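For ligands, and for the atoms within them, numbers begin at 1 and follow the listed sequence. Here the structure is a predicted model, which means the values were calculated and not measured.
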Amino acid sequence: MARTCLTIILAAGQGTRMKSALPKVLHPVAGIPMAAHVAETARAAGSEAIAVVVGHGSDDVRDALAGALEGASFHEQTEQLGTAHAVLAARDAIARGYDDVLVMFGDTPLVRPQVMQEARAKLAGGAAVVVVGFRPENPFGYGRLIEAGGHLLAIREERDTSDEEKGISLCNGGIMAFSGRHVLEFLDAVGNANAKGEYYMTDTVEIARKQGRDVVAIEAPVEDVIGVNTRADLAAVEAIWQRRARDRMLAGGVTMIAPETVFLSHDTVIEPDVVIEPNVVFGLGVTVRSGARIHAFCHFEQATIGERAEVGPFARLRPGADLRERSKVGNFCEVKKSVIGEGAKVNHLTYIGDAVIGPKANIGAGTITCNYDGFGKHLTEIGENAFVGSNSSLVAPVRIGNGAYIASGSVVTMSVPDDAVAFGRARQENKEGMALKLRARLKAAKKA
Ligand code: UD1
Ligand code: CA
């Protein structure tokens, strides 16, 4: 039988060093709050229940995470009296009874599921407490893990270590896993007789050992346990997340000419055989189908790029842009909430918003869909094989029929039937010789 698992995410910290009005755990990494990454890892490690411990009056944290962490319960830690105290704020959740109880930090978003799975495997093997250790380049300031014979004896904080213990390179990464049957007993026994007067979750190591329970440490890569305290940490974490994501994309068959200049979001989907040129930003909700080519300097959010479509350079796809197979959106074009039909082309300097463009239509340079009248948004429909001449304004709501032609420079305010040609501009007049007279007049005026 699969073991049941609860993950408690500690998210009550103030994060004052971020110097932000936004609570620390809500700062985004890859487009979603860092605490949401922690929850994703927990779920991937098989944790069916998630309890988030938030600070007093942090409705904003609750509201922001409720969407991202569907089904999670929230618990308030009124005063920040330490990590053990924080975990106990979720006592109700623990009391529901789980085989495994994992404690993760909302400000430590790079932990991979394998780490939590390894911790759970130790619990399944009989350990009552598992500590996730790591070997930092410089262990100064971290609690050292005192081990003997594969068992963890204690976690010794920097200021309490002997000279010999200072040489221990395995440190506490902060994350712990507990046997659900014993965790409340351990936590209830934690006192606050230490320099900071806090209830430390790390004290459960010695408490469990005194009760004759098995306590072990596992080792995680340094990257996985990096906590965010400052904006610089946040940037470092983002960089690591991006590198991992690019590596996954490359391994999945995506070509990136300069991967370090491509920025992805947590939900970006890019199919094999897509080519991405340098300097492209993928906001949330973007899918790129196989064989598409993304030229340099593009920005996308909530958009779909169809098979073998071509986008950019310098294109912006906003929410609801839906580029169908083999369509093209070229330089200095913006597309919002619009379908660009199969094989259709929007190649230069164009704004397409609230439009449905049929297959193989050609939209000339400088075309603008005038979709907004200051109050509402209106639809522009452009039929299959239609041809819109350059520098046309299509004043929505309006429909351009299948195969219709729009003369360049038109302002189209009435719908155009299938296969019609629309001239929406003044007729040209030529006045023979008039330029000579005009020039003479202007010259005389300047002299006077
Ligand atoms: C913790 C570990 C330390 C480890 C380090 C690794 C403890 C006691 N110490 O120290 O051994 O080397 O992580 O980074 O566990 N929190 C609450 N409520 C509280 C206190 C903390 O929600 O009352 C949350 C914080 O927001 C944070 C996390 O718990 O997300 C860790 O607390 P923090 O005070 O940052 O612990 P460290 O001093 O970093
Ligand atoms: Ca910390």
* With atom 24 (C) of ligand 1 as the reference point, say which of Leu10, Asp203, Val25 has the nearest heavy atom. => Leu10

* **Any donor-acceptor pair under 3.5 Å from Asn331 side chain to Gly312 backbone** => no

* Asked: Can Arg144 and Thr161 be counted as having a side-chain donor-acceptor contact under 3.5 angstrom?
  -> no

* Asked: atom 20 (C) of ligand 1: which of Ala86, Ala11, Gly82, Gly133 has the nearest heavy atom?
  -> Gly82

* Asked: What salt bridge (Lys or Arg N to Asp or Glu O under 4.0 Å) pairs are there with at least one residue in residues 257-283, not counting sequence neighbours?
  -> Glu271-Arg289, Glu277-Arg293

* Asked: Heavy-atom contacts under 4.0 Å between Glu198 and ligand 1: side chain, backbone, both, or neither?
  -> neither

* Compute the minimum heavy-atom distance from His85 to ligand 1 and say whether it is under 4.0 Å. => no

* Asked: Does ligand 1 have an atom under 4.0 Å from some heavy atom of Glu157?
  -> yes

* Asked: Counting only heavy atoms not in Arg308, do more than 12 fall under 6.0 Å of its CZ?
  -> no

* So is there a nitrogen or oxygen of Ile155 less than 3.5 Å from a nitrogen or oxygen in ligand 1? -> no

* **Any Val53 heavy atom less than 4.0 Å to ligand 1** => no

* Consider every N or O of Leu81 and every N or O of ligand 1, then say whether any pair is closer than 3.5 Å. => yes

* Does the N or O separation between Tyr200 and ligand 1 drop below 3.5 Å for any pair? -> no

* Flag Glu79 as yes when one of its N or O atoms lies below 3.5 Å from any N or O atom of ligand 1, and as no otherwise. => no

* **From Asn229, Thr202, Val228 - option closest to atom 9 (N) of ligand 1 by heavy atom** => Thr202

* Asked: Do the non-hydrogen side-chain atoms of Ile294 and Phe300 ever get within less than 4.5 Å of each other?
  -> yes

* With heavy atoms only and a cut-off of under 4.0 Å, state how Ala12 meets ligand 1: side chain, backbone, both or neither. => both

* With a 4.0 Å cut-off on heavy atoms, does Gly227 reach ligand 1? -> no

* Lys24/Asp233 ion pair, N-O < 4.0 Å -> no

* To do: For Thr204, enumerate each residue passing the side-chain contact (heavy atoms from CB on, under 4.5 Å) test, keeping only those at least two apart in sequence or located in another chain.
  => Val129, Met176, Phe178, Phe186, Leu187, Val190

* Please name the pair of heavy atoms, one in Ala11 and one in Val52, separated by the smallest distance, quoted to 0.1 Å. => CB-CG1, 4.0 Å

